Chemist: 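What follows is a structure written as structure tokens; I'll ask about it next.
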Amino acid sequence: MATEAHDHPNYFMVWVVLLLLLVVSLAAAYMPFSQTLTVILIFVIAAVKALLVAYFFMHLKIEGKLILAIAIVPVILFVIMTISLLPDIVYNPVETATQKLEAPKSTVH
Amino acid sequence: MHGTQANVQPRPEFGKLGMWWFLASEIMTFGGFLAVYILYRAASGGGWTETAEHVSIALGSINTFVLLTSSLTIVKSTEAVNQGEYDRAKNYLGWTILLGVVFLAIKGVEYTSEIRHGFTPITNIFWNFYFALTGLHALHILVGIIINLVLYIGAVKGTLWREDLGHRIEVAGLYWHFVDIVWIFLFPLLYLSY
């Protein structure tokens, strides 16, 4: 990533990259890719965008180990929580999740 | 005692540390919510697609652009504080507030259009998640605007600089960037994955 000096990252360039990534994720969503590929692409791009914001704008690039730990631990907990709930919700789906949802027609109900 | 220089450093460090600690709890707040949504969506096997297609990708994209830009303006404000350019810092903070208001206005237009077309929080489980997640996020934007506004008033009056409290813009910026990151994930989760 372009940096002007050690403690003065080029914020403008980071912003340009973030906008480019937004355009790429939109392009990925409209491309005739398989659904799996589209989902992987848009979430990898979202993760990269989040990391760019955290690393440059939130200064994780230059922060000490303590703040890094405070930032990373809950993210790991989130991943563990999501994975540990997989069997309960996805592999043994509850009815509220699997029912087919229809768009309401213009009529009031 | 190690002399008088010791009282210069700690204050901004404490503020930053406190904010990061708070953001860690925020990750779990949004995380719990997002985890349930992600898992239910995964379990739905595509059954939500038809209803989820009715979100406005155009307005969602514009709002993503608005928030990413507001992140740039508040980090430029912090940079200006560190360089002692207080007038520039104040202006960048003002732009950040304005962009936050623009975000909420666009969100309001979206909500209005959706509700008028019959998509409300009780329409079905997708729209229930949609309104809850974006509503909680919008509430965070509102809080961020208020924090930034308080700092902006201090900057206009000059008290922020006289009392050497410019680092508060960096702390407020951490919160603002976090709310931006939440949106970075909400956008593909709610708008793009149908």
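Because the structure is predicted, anything quoted here is derived from the model rather than measured.
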Chemist: Relative to chain B, which of A/Ile45, A/Asp88, A/Leu85 shows the most heavy atom pairs under 4.5 Å?
Modeler: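 With the most close heavy-atom pairs to chain B, the winner is A/Leu85.
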Chemist: Please work out which of the three classes, parallel, tilted or perpendicular, describes the rings of B/Trp48 and B/Phe126, given edges at 30° and 60°.
Modeler: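 Correct class here is perpendicular.
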Chemist: Work out which heavy atom in B/Pro188 is nearest to a heavy atom in A/Ala46; give both atom names and the distance.
Modeler: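 Closest approach of B/Pro188 to A/Ala46: CG-CB, 3.9 Å.
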Chemist: Looking at A/Thr98, A/Ile89, A/Val73, A/Val75, which one has more heavy-atom pairs under 4.5 Å with chain B than the rest?
Modeler: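 Option with the top pair count is A/Ile89.
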Chemist: Quick check on side-chain contact (heavy atoms from CB on, under 4.5 Å): which of B/Leu190, B/Ile125, B/Thr51 does B/Tyr130 satisfy it with?
Modeler: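 Between B/Tyr130 and the candidates, side-chain contact (heavy atoms from CB on, under 4.5 Å) is satisfied uniquely by B/Leu190.
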Chemist: Using modelled atom types only, decide if a donor and an acceptor are shared between the side chain of B/Ser77 and the backbone of B/Thr73 within a distance under 3.5 Å.
Modeler: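 Judged by distance alone, no pair lies under 3.5 Å.
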Chemist: If you look at every heavy atom in B/Ala52 and B/Arg41, which pair is closest and at what distance?
Modeler: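 Closest heavy-atom pair between B/Ala52 and B/Arg41: CB-NH2, 3.7 Å.
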Chemist: Below 4.5 Å from any heavy atom of chain A, which atoms of B/Leu23 appear? Answer side chain, backbone, both or neither.
Modeler: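 Just the side chain, heavy atoms under 4.5 Å.
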Chemist: With no hydrogens and no angle check, do the side chains of B/Thr134 and B/Tyr111 hold a donor and an acceptor under 3.5 Å apart?
Modeler: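 Yes - a donor-acceptor pair under 3.5 Å links their side chains.
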Chemist: List, by chain and number, the other hydrophobic cluster members for A/Met31, where Ile, Leu, Val, Met, Phe, Trp and Tyr join if side-chain heavy atoms come within less than 4.5 Å, directly or indirectly.
Modeler: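 Direct or chained contacts put A/Met31 with A/Phe33, A/Leu37, A/Leu41.
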Chemist: Of all residues at least two apart in sequence or in a different chain, which pass the salt bridge (charged side-chain N to carboxylate O under 4.0 Å, His left out) check with A/Glu63?
Modeler: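 By the salt bridge (charged side-chain N to carboxylate O under 4.0 Å, His left out) rule, A/Glu63 matches B/Lys16.
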Chemist: For A/Leu66, is it the side chain, the backbone, both or neither that has a heavy atom under 4.5 Å from a heavy atom of chain B?
Modeler: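 Side chain of A/Leu66 only, per the 4.5 Å heavy-atom cut-off to chain B.
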Chemist: Can you pull the ring-ring contact (aromatic ring centres under 6.0 Å, His included) pairs that have at least one residue in residues 65-102 of chain B, sequence neighbours excluded?
Modeler: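 For residues 65-102 of chain B: B/Tyr86-B/Trp161.
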Chemist: With chain A as the partner, which of B/Leu34, B/Thr64, B/Thr69, B/Ile38 has the greatest number of non-hydrogen pairs under 4.5 Å?
Modeler: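 Among B/Leu34, B/Thr64, B/Thr69, B/Ile38, the one with the most close pairs to chain A is B/Thr69.
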Chemist: Side chain, backbone, both or neither: which part of B/Leu189 has a non-hydrogen atom closer than 4.5 Å to chain A?
Modeler: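 Both backbone and side chain.
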Chemist: For chain A, which residues from residues 174-186 of chain B lie under 4.5 Å away (heavy-atom distances)?
Modeler: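 Only B/Leu174, B/His177, B/Phe178, B/Asp180, B/Ile181, B/Ile184, B/Phe185 of residues 174-186 of chain B have a heavy atom under 4.5 Å from chain A.
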Chemist: With a 4.5 angstrom heavy-atom cut-off, which part of A/Met81 approaches chain B: side chain, backbone, both or neither?
Modeler: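 When you check distances to chain B, only side chain atoms of A/Met81 fall under 4.5 Å.
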Chemist: Looking at A/Phe43, A/Tyr91, A/Trp15, which one has more heavy-atom pairs under 4.5 Å with chain B than the rest?
Modeler: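 Of the options given, most contacts go to A/Trp15.
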Chemist: Let's test your reading of the structure: which of B/Gly173, B/Ser25, B/Ser61 forms the most heavy-atom pairs below 4.5 Å with chain A?
Modeler: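 Most pairs with chain A among the choices: B/Ser61.
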Chemist: If we ignore hydrogens and angles and just use 3.5 Å, is the side chain of B/His137 paired with the main-chain N or O of B/Leu133 as donor and acceptor?
Modeler: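 The answer is no, because no donor-acceptor pair under 3.5 Å joins these two groups.
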Chemist: Would you mind checking which part of A/Ala28 comes under 4.5 Å of any heavy atom in chain B, side chain (CB onward), backbone (N, CA, C, O), both or neither?
Modeler: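 No part of A/Ala28 comes within 4.5 Å of chain B.
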